[in-house]
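Worksheet for the structure shown next.
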There are 2 protein chains.
Amino acid sequence: MNNYSKQREAILDVMKENLVHPTAEEIYQFVLEKEPQISKSTVYRNINILVELGEIKKLNMTVGPDRYDYLYKEHSHAICEKCGNIFDFYDDFNKEEISKELLKQIGNHMDINSITIYGICEDCKSNNKK
Amino acid sequence: MNNYSKQREAILDVMKENLVHPTAEEIYQFVLEKEPQISKSTVYRNINILVELGEIKKLNMTVGPDRYDYLYKEHSHAICEKCGNIFDFYDDFNKEEISKELLKQIGNHMDINSITIYGICEDCKSNNKK
DNA sequence: TTAAAATTAGGAATAATTCCTAATTTCGGT
DNA sequence: ACCGAAATTAGGAATTATTCCTAATTTTAA
């Protein structure tokens with residue numbers, strides 16, 4: 001795993017150009033413009049490889065399909081569990097500190113990749129159509 | 001939405017008895033023992049209702065299907081992105097404080113439901129079969 | 001330049017979840 | 001307790017999201 005291919009390049013380019021947390025399907029649609037013959041399985045396979053390589057990040061959604069993010073700059077995410085909106089969040093609270101706290105509590109080291117906050121956003125609170 | 005049904009009751013009971021973060025399929029299997037005629041769609045529908053009612057929490061997984069948790073006591077989760085292991089995490093770092101920070105950054109209120117940490121656990125680090 | 005290894009397109013297969021419908025259960029008012 | 005309206009159910013079909021399979025093509029590295 002890790003040979004060059006213009007398809008994988010195009011997918012990474014799309015991620016760099018679109019900082020909008022696209023779904024796999026949306027990435028596929030964007031990439032089609034650059035590589036009209038690309039197949040969806042290639043998109044999925046390469047997304048997974050790029051996640052594995054740490055080039056992009058998978059955002060685990062409560063609502064709808066998972067989303068992906070290119071980390072041009074280290075940040076975390078706050079996700080609305082109702083509408084799926086994602087708010088970028090530049091950590092002031094510190095991973096190292098939380099990491100130490102976590103270690104104390106679960107008696108287990110963990111390499112922290114990200115901290116995600118799940119909640120209900122302002123709009124969903126006011127448009128409360130429950 | 002919100003009439004009594006023994007099926008929904010049984011699902012909530014299962015969640016209270018099994019503090020193991022089951023998947024929807026696992027919940028279905030557990031509930032079958034109490035309600036042998038229950039259908040899977042009923043399980044899915046009621047899981048969603050219980051999440052909506054705030055009785056149980058949905059855990060958004062990186063690997064495998066999503067999991068659910070009954071919050072017998074308020075806590076957060078640290079999830080291994082490789083093996084899917086979930087570590088319960090009793091917040092010492094304070095939601096209120098993070099909430100204020102978030103507000104400053106994204107200029108938007110949000111009711112924080114949970115904070116989830118994603119990373120790679122000790123075991124996956126050492127058994128590094130990448 | 002060439003053989004091995006990796007990647008691809010395209011579509012089939014699988015997994016997870018939601019939707020549909022007619023029958024049953026629950027609820028609220030009397 | 002009875003009755004009509006509203007909610008819920010079982011069962012299965014349908015949909016959505018993702019992975020897997022295969023033969024052909026591309027990339028790599030000697």
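Because only heavy atoms are used, hydrogens play no part in the values below, and waters and symmetry mates are left out as well, while side chains stay in. In what follows, every chain begins at residue 1, and chains take the letters A, B, ... in the order their sequences are listed.
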Value in whole Å for how far the C1' atom of dT26(D) lies from CD of Glu9(A):
15 Å
Rounding to an integer number of Å, can you tell me how far Asn46(B) CG sits from dT26(C) C1'?
14 Å
Classify the ring geometry of Tyr90(A) against His75(A): parallel below 30°, tilted from 30° to 60°, perpendicular beyond 60°.
tilted
Do Asn113(A) and Glu81(B) have side-chain N/O donor and acceptor atoms under 3.5 Å apart?
yes
Counting primed atoms plus P, OP1 and OP2 as sugar-phosphate and everything else as base, spell out the protein contacts along nucleotides 11-19 of chain D at 4.0 Å heavy-atom distance: B, S or - for each nucleotide, 5' to 3'.
BB----SBB
Between CD1 of Ile11(B) and P of dT8(D) the distance, given in whole Å, is 12 Å
Specify the separation, in whole Å, of atom CG of Asn3(A) and atom P of dT8(C).
9 Å
Without decimals, in angstroms, what is the distance between Lys6(A) NZ and dT8(C) P?
9 Å
For dT25(C), does OP1 or OP2 lie under 4.0 Å from any side-chain N or O of Gln7(B)?
no
Exam field: side chain Lys58(B) to backbone Thr62(A), donor-acceptor pair closer than 3.5 Å
yes
Side-chain atoms of Tyr4(B) come closest, of dT8(C), dC27(C), dT9(D), to dC27(C)
Atom CZ of Arg8(B) to atom C1' of dT24(C): distance rounded to whole Å?
15 Å
Residues Gln37(A) and Glu35(A): side-chain donor-acceptor under 3.5 angstrom:
yes
Could you state the CD-C1' distance from Glu52(B) to dT8(D), rounded to the nearest angstrom?
16 Å
Grab the CD1-P distance between Ile47(B) and dT17(C) for me, whole Å please.
8 Å
